[in-house]
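Here the structure is laid out as C-alpha cells; the discussion comes afterwards.
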Number of protein chains: 2
Amino acid sequence: MSIRNPKQALYEQFAIVAKALGHPLRLELIEHLAQGSRSVEALAAKLGQPIANISQHLQALRRAGIVSAERDGKYVHYSLADDSVLSAFASVRSVAERHLAEVDRIVRDCFDARDDIQPVTREELQALMRDGLVTLIDVRPADEFALGHVPGAINVPLGEIKAWSHCADPGREIVAYCRGPWCVMSFEAVAALRSVGHSARRLEDGMPEWKAAGLPVEMPA
Amino acid sequence: MSIRNPKQALYEQFAIVAKALGHPLRLELIEHLAQGSRSVEALAAKLGQPIANISQHLQALRRAGIVSAERDGKYVHYSLADDSVLSAFASVRSVAERHLAEVDRIVRDCFDARDDIQPVTREELQALMRDGLVTLIDVRPADEFALGHVPGAINVPLGEIKAWSHCADPGREIVAYCRGPWCVMSFEAVAALRSVGHSARRLEDGMPEWKAAGLPVEMPA
DNA sequence: CCGTCATTCAATAGAATAATTGAATGACGG
DNA sequence: CCGTCATTCAATTATTCTATTGAATGACGG
C-alpha cells in the first residue's frame, strides 16, 4: 500500500461516488428514488430484481453518500441524499449523449420515429397551463403520481392511455411527462395519442427535474 | 443475456461513463488533461506510473467518450472531450463533499489549518487585477503554465516559492492558484507565503474552471 | 530500408464486483 | 413471548477490473 497524499485520498473518495454510479441497475434505482422515497421491496418489484440484490446495490449507494435510509417500522425507506445526485446523474448523461456513438445509435433506433416531436419546455408548459390551452397528463404508475406531480396534471398510466384517449377532447393539445429525460413512457404515450389523431407532445425531462427546478409540486392529501 | 429495452441499453452507456470516472488514477488524469493536452509519456511522468498502465487508463477514458486522442508524429496527444467532462467531475466531487464523512475528515486533517483563508472568487480577482491591487501567481509547473494561464499571472512553481517570496513586495497581497479546487499546491503556496509574513489568499478552483467560466486565457507565443 | 522511440497490444495473476442462495436480524401484531 | 415479515448478512461462484510484463505496431530520422 503506497503512501497517499491528501489529494489521492480525496480522489479515492470521489472515485467511490463515481463507481457507485457505474452500474445500470443503480442508475435505475436513482431514477426511481428521484420520484420519491421507497422501500427495498417496492424498488425490487419495480426493477424486477431479487430483493437481496437490490438491498446490496442500495447499500453501495448509501456508502457513496448517494442515498440515505430511514427505518420506519418493518420497512426501510430509501431516498436520494439531495439534488446534487440528480445533477451528477445529468452530467454523466450529458457526457454520454455528446460523445458515445452507441447512445446516438440507440436513440436513433428507438426514438427516431418520434424525434419530430419537439419537447415542451417547462416555461412553455407553465404558460400553456396558465392559459388553459392544454391537457397535461402524467403517464407514470399511480403510486408515483401519488408521491408528487405537476399541479393540474391528471394521472393516466401508460396502460390506460388507449382507453383514455377516446374520452379526451380531440381538439385540445395534450402534453405528457413521466420519470425523466430517457424514460420511454412519455415517448410511447405521445406516439399512442398521435396514432389516434390527437395532437400530443412530451414535456422536456420529467418529474424530478421539474421539482429540482424549484417549480411547484402537487401532493395529494 | 436478458433482452434489454432501450432505457436499459442507454443506462448501460451512462454506466460506462460513470465507471470510467470511478478510479482515482483516471480522475487524476482528467485533472491533468484539464490543464491542456498531453502525451501518454508526459502523463505517466506526472503521475509516476508505468506508461502501459497510463495508456490503458487513457483508453478506458476514450471508450467512455471522456477524452479524445490525436496522433502527432510519434506522439499521441490526449485531451478532454469537452467541458461537460469537467462539470461531471465537479458534480461527482460535490456529492462526495456533501455526503461522505471521510472527505470531511481528510479536509479537516490536511487543510484545516488553512481554512481561515477565504478563497478569492473569480469576479473578485478580476476587479483586484483591474485596479492593480494584487500580485497573481500561478504555482503550477512551468509546462502547465505554458499551456495557458490567467492573464497577468506570473509563474512561480511551488519549489521556487520560498526564493521568490524574498523578492516580492511585502506590502502587496498575493493571490495564488493552481490546477483545481483540491490541488494542494495553492494551499501550500499560501501557507508558505503567510509563514514569511506575506498576505496571501487562494483563488477559488483553478485554471480549468477559469477557462470553463469563459474568462480570458493568456497563451505564450 | 533500418534503427529508434512512443504507444498499444496480449497474456498473466491478483483483486474487486455481481448475482444467487439461504440463514440471521429486528420490529411489529397477536 | 411467538410467528411473521422486511431487510440485511454471509458464503459462493462467475465475471470483470487492475497492474505488470514483454512483445508488436507505427512513425520518424538517417
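The sequence lines fix the lettering, A, B, ..., with proteins before strands; numbering per chain opens at 1. Note that this is a predicted model, so its numbers are computed, not measured.
The CG atom of D138(A) lies 3.5 Å from the OH atom of Y177(A); values are rounded to the nearest 0.5 Å. Rounded to the nearest 0.5 Å, atoms SG (C183(A)) and CD (E188(A)) are 9.0 Å apart.
In this model, no donor atom of one side chain and acceptor atom of the other lie less than 3.5 Å apart for W210(B) and E204(B).
Nearer to the 5' terminus of DNA chain D, by closest-nucleotide assignment, is the contact made by R62(A) (compared with the other of A60(B) and R62(A)).
Counting only heavy atoms from C-beta on, A52(A) has its side chain closest to dC9(D) among dT7(D), dC9(D), dT7(C). Among the nucleotides dT7(C), dC9(D), dT7(D), the one closest to the side chain of Y75(A) is dT7(D). For E41(A), counting side-chain heavy atoms from C-beta on, the closest listed nucleotide (dT7(D), dT7(C), dC9(C)) is dT7(D). Nearest to the side chain of Q49(A), among dA19(D), dT20(C), dT7(C), sits dT20(C). Comparing atom distances between the V76(B) side chain and each of dT7(C), dA18(C), dT20(D) picks out dT7(C) as nearest. Residue S39(B) has its side chain nearest to dT7(C) when only dT7(C), dA18(C), dT7(D) are considered.
For S55(B) and dT8(C), the shortest distance from a side-chain N or O to OP1 or OP2 is below 4.0 Å. An OP1 or OP2 oxygen of dA19(C) is reached within less than 4.0 angstrom by a side-chain nitrogen or oxygen of H57(A).
Look at NE2 on H23(A): it is 12 Å from P on dT17(C), rounded to the nearest Å. Atom P of nucleotide dT20(C) and atom CG of N53(A) are separated by 6 Å, given to the nearest angstrom. Protein atom CZ of R71(B) is 9 Å distant from nucleotide atom C1' of dT8(C), rounded to whole Å. Taking atom NZ on K74(B) and atom P on dG30(D), their separation rounds to 10 Å, with Å as the unit. A straight line from CG of L58(B) to P of dT7(C) spans 9 Å, rounded to a whole angstrom. Atom pair L25(B):CG and dT18(D):P shows a separation of 10 Å (rounding to whole Å applied). Protein atom CD of E70(B) is 14 Å distant from nucleotide atom P of dT7(C), rounded to whole Å. Summarising the geometry, the separation between CD on E12(B) and C1' on dA18(C) is reported as 14 Å, rounded to the nearest angstrom.
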Taking it one step at a time, do Q118(B) and R201(B) satisfy side-chain hydrogen bond (donor to acceptor under 3.5 Å, both in side chains)?
CA-CA 7 Å; Q118(B) 271 293 351; R201(B) 285 192 294 167; over 6 Å; no

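With hydrogens and angles ignored, no donor-acceptor pair under 3.5 angstrom links the side chain of Q56(A) to the base of dT7(D).
Of the candidates E28(B), E209(B), E31(B), E31(B) is the only one forming a side-chain contact (heavy atoms from CB on, under 4.5 Å) with R179(B).
Between K211(B) and D83(B) there is no salt bridge, since no side-chain N of the basic residue sits under 4.0 Å from a carboxylate O of the acidic one.
The base-pairing partner of dT15(D), taking Watson-Crick or G-U wobble contacts with both distances under 3.5 Å, is dA16(C). In this structure dA11(C) sits in a base pair with dT20(D), meeting the Watson-Crick or G-U test at under 3.5 Å. Here dG29(D) sits opposite dC2(C) as a Watson-Crick or G-U wobble pair (both hydrogen-bonding atom distances under 3.5 Å).
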